[in-house]
S.K.: 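After the structure tokens below, expect a handful of questions from me.
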Protein chains: 2
Amino acid sequence: MFSKACEYGIRASTYIASQSLRNRRVSLKEIAEEIDSPIAFTAKILQQLSRNRIVDSVKGSAGGFQIENKQIEKIKLSEIVYAIDGNEVSMGCGLGLKKCNSNKPCPVHDKFVKIRDELKMMLENTSLYEMTEGLEVGLTYLKR
Amino acid sequence: MFSKACEYGIRASTYIASQSLRNRRVSLKEIAEEIDSPIAFTAKILQQLSRNRIVDSVKGSAGGFQIENKQIEKIKLSEIVYAIDGNEVSMGCGLGLKKCNSNKPCPVHDKFVKIRDELKMMLENTSLYEMTEGLEVGLTYLKR
DNA sequence: ATTAAATAGGACAAAATTGTCCGATATAAA
DNA sequence: TTTATATCGGACAATTTTGTCCTATTTAAT
Ligand code: FES
Ligand code: FES
């Protein structure tokens with residue numbers, strides 16, 4: 001479904017958001033530990049998210065990553081996915097034709113688009129805030 | 001969503017089915033042309049499908065690939081996908097945790113499982129026969 | 001029997017994705 | 001101003017996926 005990079009990106013963003021809500025800026029090292037991801041690879045992904053203004057990065061001593069609290073409910077899961085994987089997942093043809101096109105549909109177009117559109121809606125309607133809600137109370141997990 | 005191999009596999013199976021319904025056995029070369037796929041790579045994928053008894057292969061002169069007409073409505077899209085990509089798409093965690101587990105869910109578990117399960121049902125309920133229906137009459141396409 | 005045409009399968013190659021390492025740069029604190 | 005601690009970014013390495021090539025094997029037709 002999503003690339004590894006994207007999965008790490010979502011988990012990292014969620015962790016950063018959860019800590020930002022407590023006014024904690026977090027380091028790459030801490031993030032990678034908390035989401036159980038390879039540290040240097042995670043750094044690359046965070047750079048991408050930073051360039052896409054999904055997370056804020058602060059260099060230097062006492063630096064790290066954070067997300068403005070005001071943004072946490074505004075940022076949608078879709079923005080993270082699109083920033084890393086592009087929008088193939090919500091636009092592409094299920095059978096890999098160059099473009100999904102209802103005028104020249106592939107044999108699964110109708111059924112596939114139905115599900116793809118639901119996924120698209122889910123991604124676009126799920127905020128980072130929602131994703132942090134279960135974390136603090138131990139209802140949801142970013143690693144196991 | 002699906003790997004390239006899986007996309008080619010679905011398109012190839014659909015084409016073979018459509019020709020089998022007219023009692024035509026088709027060659028690798030013809031398949032690759034009709035679905036616009038790399039021929040040698042397609043050969044590998046057809047081997048996999050053949051080993052998984054999704055398509056029948058006949059070696060030698062006048063050989064090729066076919067699917068028993070009786071099987072065409074029985075074979076489901078899911079069987080092709082599982083044979084090539086495994087069942088990660090209908091079982092895996094959206095955020096890449098080792099296993100999806102509702103007792104220790106990731107932050108998107110509920111919303112993700114809803115969509116994943118619909119996809120699973122779609123795959124398991126769509127027969128190869130259905131996928132061939134639009135092809136003959138030019139309503140659907142396997143290449144563009 | 002020989003030949004031609006087809007798939008099977010192993011070895012290899014290219015490309016994409018995933019992952020690592022290290023020096024440059026920025027910042028806070030001593 | 002120096003030092004310690006961060007991220008940034010480029011180069012590189014490993015792994016997986018995608019794709020190619022060539023020989024062996026099978027089969028039908030001559
Ligand atoms: S054309 Fe294949 S999903 Fe639309
Ligand atoms: S635990 Fe992530 S989808 Fe179920």
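Just so it is clear: chains get the letters A, B, ... in the order the sequence lines come, proteins before strands, and each one is counted from 1.
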S.K.: Roughly, in whole Å, what's the span from CZ in A/Arg25 to C1' in D/dT5?
M.R.: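 Value for this atom pair: 13 Å.
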S.K.: What does B/Arg51 touch in the nucleic acid at a heavy-atom separation under 4.0 angstrom: a base, only the sugar-phosphate, or nothing?
M.R.: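 Sugar-phosphate: the residue B/Arg51, judged by heavy atoms under 4.0 Å, touches backbone atoms but no base.
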S.K.: Counting any heavy atom closer than 4.0 Å, what does B/Lys44 reach on the DNA or RNA strands: base, sugar-phosphate only, or nothing?
M.R.: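 Base, at least one base atom sits under 4.0 Å.
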S.K.: Would you say C/dG19 has OP1 or OP2 under 4.0 Å from some side-chain N or O of A/Tyr8?
M.R.: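 Result: yes.
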S.K.: From the set D/dT7, D/dT18, D/dT26, return the single nucleotide nearest to any side-chain atom of A/Ser27.
M.R.: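 Of the options given, the side chain of A/Ser27 lies nearest D/dT7.
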S.K.: Check the distance between C/dC22's C1' and A/Gln47's CD and give it to me in whole angstrom.
M.R.: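 Going from A/Gln47 (CD) to C/dC22 (C1'), I get 13 Å.
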S.K.: What integer distance in Å separates A/Leu28:CG from C/dC22:P?
M.R.: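 Roughly 16 Å, once rounded to whole Å.
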S.K.: For B/Ile35 and D/dG19, give me the distance from atom CD1 to atom C1', rounded to whole Å.
M.R.: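 Rounded to the whole Å, the gap is 14 Å.
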S.K.: Considering all heavy atoms of both residues, which atom of A/Tyr8 and which atom of A/Ile35 are nearest to each other, and what is their separation?
M.R.: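 Smallest interatomic distance, heavy atoms only, reads O-CD1, 3.6 Å.
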S.K.: How long is the span from the NZ atom in B/Lys76 to the CG atom in B/Leu123, to the nearest 0.5 Å?
M.R.: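 If we round to the nearest 0.5 Å, B/Lys76:NZ and B/Leu123:CG are 12.0 Å apart.
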S.K.: Could you tell me the separation between the CG atom of A/Asn52 and the P atom of D/dC8, rounded to a whole number of Å?
M.R.: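 Spelled out: CG on A/Asn52 to P on D/dC8 is 13 Å.
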S.K.: Quickly work out the A/Phe41 CZ to D/dC12 C1' distance and round it to whole Å.
M.R.: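 A/Phe41 atom CZ is separated from D/dC12 atom C1' by 15 Å.
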S.K.: Would you kindly give the CG-to-P distance between A/Leu49 and D/dT7, to the nearest whole Å?
M.R.: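 Rounded to whole Å, this separation is 14 Å.
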S.K.: Output yes when a side-chain donor or acceptor of A/Arg116 lies under 3.5 Å from a complementary backbone atom of A/Met91, and no otherwise.
M.R.: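 Yes: the side chain of A/Arg116 pairs with the backbone of A/Met91.
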S.K.: Nearest to the side chain of A/Ala62, heavy atoms from C-beta on, is which of C/dT18, C/dA28, D/dT18?
M.R.: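 Looking only at side-chain atoms, A/Ala62 lies closest to C/dA28.
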S.K.: Should we count CD of A/Glu136 as having more than 12 external heavy atoms under 6.0 Å?
M.R.: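 Yes, because the 6.0 Å sphere around CD of A/Glu136 holds more than 12 heavy atoms from other groups.
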S.K.: Given C/dT7, D/dT20, D/dC8, identify the nucleotide with an atom nearest to the side chain of B/Ala40.
M.R.: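 Among C/dT7, D/dT20, D/dC8, the one nearest the side chain of B/Ala40 is D/dT20.
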S.K.: Expressed in angstrom and rounded to an integer, what is the separation of B/Asp85 atom CG from D/dT16 atom P?
M.R.: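 The answer, rounded to whole Å, is 16 Å.
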S.K.: Might you work through the side chain to side chain contact (heavy atoms under 4.5 Å, CB included) test for B/Leu97 and B/His109, ending with a clear yes or no?
M.R.: CA-CA 11 Å; B/Leu97 302 192; B/His109 176 85; over 6 Å; no
S.K.: Under 4.0 Å: is that the gap between some side-chain N or O of A/Ser50 and OP1 or OP2 of D/dT7?
M.R.: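 So the side chain of A/Ser50 is outside the cut-off, no N or O lying under 4.0 Å from OP1 or OP2 of D/dT7.
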S.K.: Quick one: is A/Ser61 getting a side-chain N or O under 4.0 Å of the D/dT3 phosphate, OP1 or OP2?
M.R.: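 No, because none of the side-chain N or O atoms of A/Ser61 sits under 4.0 Å from OP1 or OP2 of D/dT3.
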